[in-house]
Novice: 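Take a look at this one; I'll ask things after.
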Amino acid sequence: MDGRLLEDFDRHIRQKGYANRSEAVRDLVRNRLVEESWAEERGKAAATVTLVYDHHKMDVSRRLMDIQHHHAASIVSTTHVHLDNDNCLEVVILRGEAEIVRQLAEEMCALKGVKHGKIALTTEGKGLA
Ligand code: NI
């Protein structure tokens with residue numbers, strides 16, 4: 001690796017609070033491997049979906065509930081926080097076949113009335129050292 005790149009990497013490591021380069025490199029490699037398994041959508045996977053929506057609007061609460069009941073086998077847990085009079089924050093944890101997990105996560109984010117949806121695609125961990 002050339003000097004300039006290594007300097008930038010060391011600055012990144014310090015900002016992120018890594019103890020050393022090895023730990024930072026391990027994290028980069030693991031992230032890449034998880035991304036690749038998602039690109040190929042192979043096997044079992046896990047994900048979290050974070051949703052912010054106004055529960056008064058677009059019938060969004062009921063439609064979210066319908067989706068979650070319809071796919072109960074893939075939904076591990078849902079946490080709901082009432083942010084203020086109108087807005088709700090919901091975090092949904094999913095696991096199952098990667099293809100189904102992704103479709104379900106995207107379906108929830110795309111619901112009309114969802115102001116912000118964020119998906120974190122992760123792994124069940126077994127395939128990762
Ligand atoms: Ni609420």
Side-chain angles (χ1 to χ4, degrees):
M1 214 184 277
D2 76 40
R4 174 72 204 285
L5 189 56
L6 204 53
E7 268 174 40
D8 287 350
F9 188 55
D10 283 342
R11 190 165 46 246
H12 162 82
I13 286 169
R14 277 195 302 278
Q15 281 168 356
K16 297 285 180 186
Y18 284 106
N20 53 55
R21 272 183 201 153
S22 299
E23 198 51 49
V25 169
R26 268 195 291 273
D27 257 13
L28 287 175
V29 172
R30 286 192 193 110
N31 272 331
R32 189 76 192 98
L33 291 174
V34 169
E35 276 172 17
E36 251 175 41
S37 74
W38 271 102
E40 293 164 21
E41 292 201 335
R42 54 167 193 252
K44 301 274 187 191
T48 63
V49 183
T50 303
L51 303 160
V52 174
Y53 59 90
D54 182 336
H55 73 275
H56 299 300
K57 293 197 174 151
M58 311 285 188
D59 210 15
V60 65
S61 299
R62 191 188 58 76
R63 285 189 294 131
L64 263 177
M65 191 71 83
D66 280 351
I67 292 173
Q68 292 179 31
H69 274 271
H70 192 69
H71 299 278
S74 308
I75 309 282
V76 179
S77 166
T78 301
T79 298
H80 184 107
V81 177
H82 312 302
L83 295 171
D84 56 32
N85 271 343
D86 307 312
N87 293 291
C88 304
L89 169 77
E90 204 156 293
V91 179
V92 185
I93 302 176
L94 305 98
R95 70 186 293 188
E97 291 301 323
E99 195 184 346
I100 291 166
V101 166
R102 184 204 287 275
Q103 278 172 11
L104 205 45
E106 287 175 351
E107 189 183 347
M108 286 189 277
C109 286
L111 266 186
K112 219 180 250 179
V114 171
K115 292 179 174 180
H116 184 237
K118 191 87 179 163
I119 303 169
L121 301 173
T122 184
T123 167
E124 287 195 317
K126 279 198 240 17
L128 220 51

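Count residues from 1 along the sequence. Order of listing sets the numbers, starting from 1, for every ligand and every atom in it. Treat the numbers as computed from the prediction; the structure is a model and nothing was measured.
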Novice: Suppose we screen for side chain to side chain donor-acceptor pair (under 3.5 Å). Which residues come up paired with Asp84, at least two apart in sequence or across chains?
Specialist: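 Counting only residues at least two positions away or on another chain, Asp84 forms a side chain to side chain donor-acceptor pair (under 3.5 Å) with Asn87.
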
Novice: So, Arg14 and Asp10, do they make that salt bridge, N to O below 4.0 Å?
Specialist: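 Looking at Asp10 together with Arg14, the answer is no, because their closest N to O distance does not fall below 4.0 Å.
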
Novice: Taking the Ni ion (ligand 1) as the centre, how many protein N/O/S atoms fall inside a distance shorter than 2.8 Å?
Specialist: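 Protein N, O or S neighbours of the Ni ion (ligand 1) under 2.8 Å, waters not counted, come to 3.
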
Novice: Quick one: ring-ring contact (aromatic ring centres under 6.0 Å, His included) pairs with a partner in residues 81-101, sequence neighbours left out?
Specialist: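 Passing the test, one end in residues 81-101: His80-His82.
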
Novice: Would you say CD of Glu99 has more than 12 non-hydrogen atoms from neighbouring residues, nucleotides or ligands within 6.0 angstrom?
Specialist: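 Open: at most 12 neighbouring heavy atoms sit under 6.0 Å from CD of Glu99.
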
Novice: Name all pairs fulfilling the ring-ring contact (aromatic ring centres under 6.0 Å, His included) condition that reach into residues 36-72, sequence neighbours left out, sorted by first residue then second.
Specialist: none

Novice: Check this for me: Lys115, atom NZ, are more than 12 non-hydrogen atoms of other residues, nucleotides or ligands nearer than 6.0 Å?
Specialist: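 Enclosed.
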
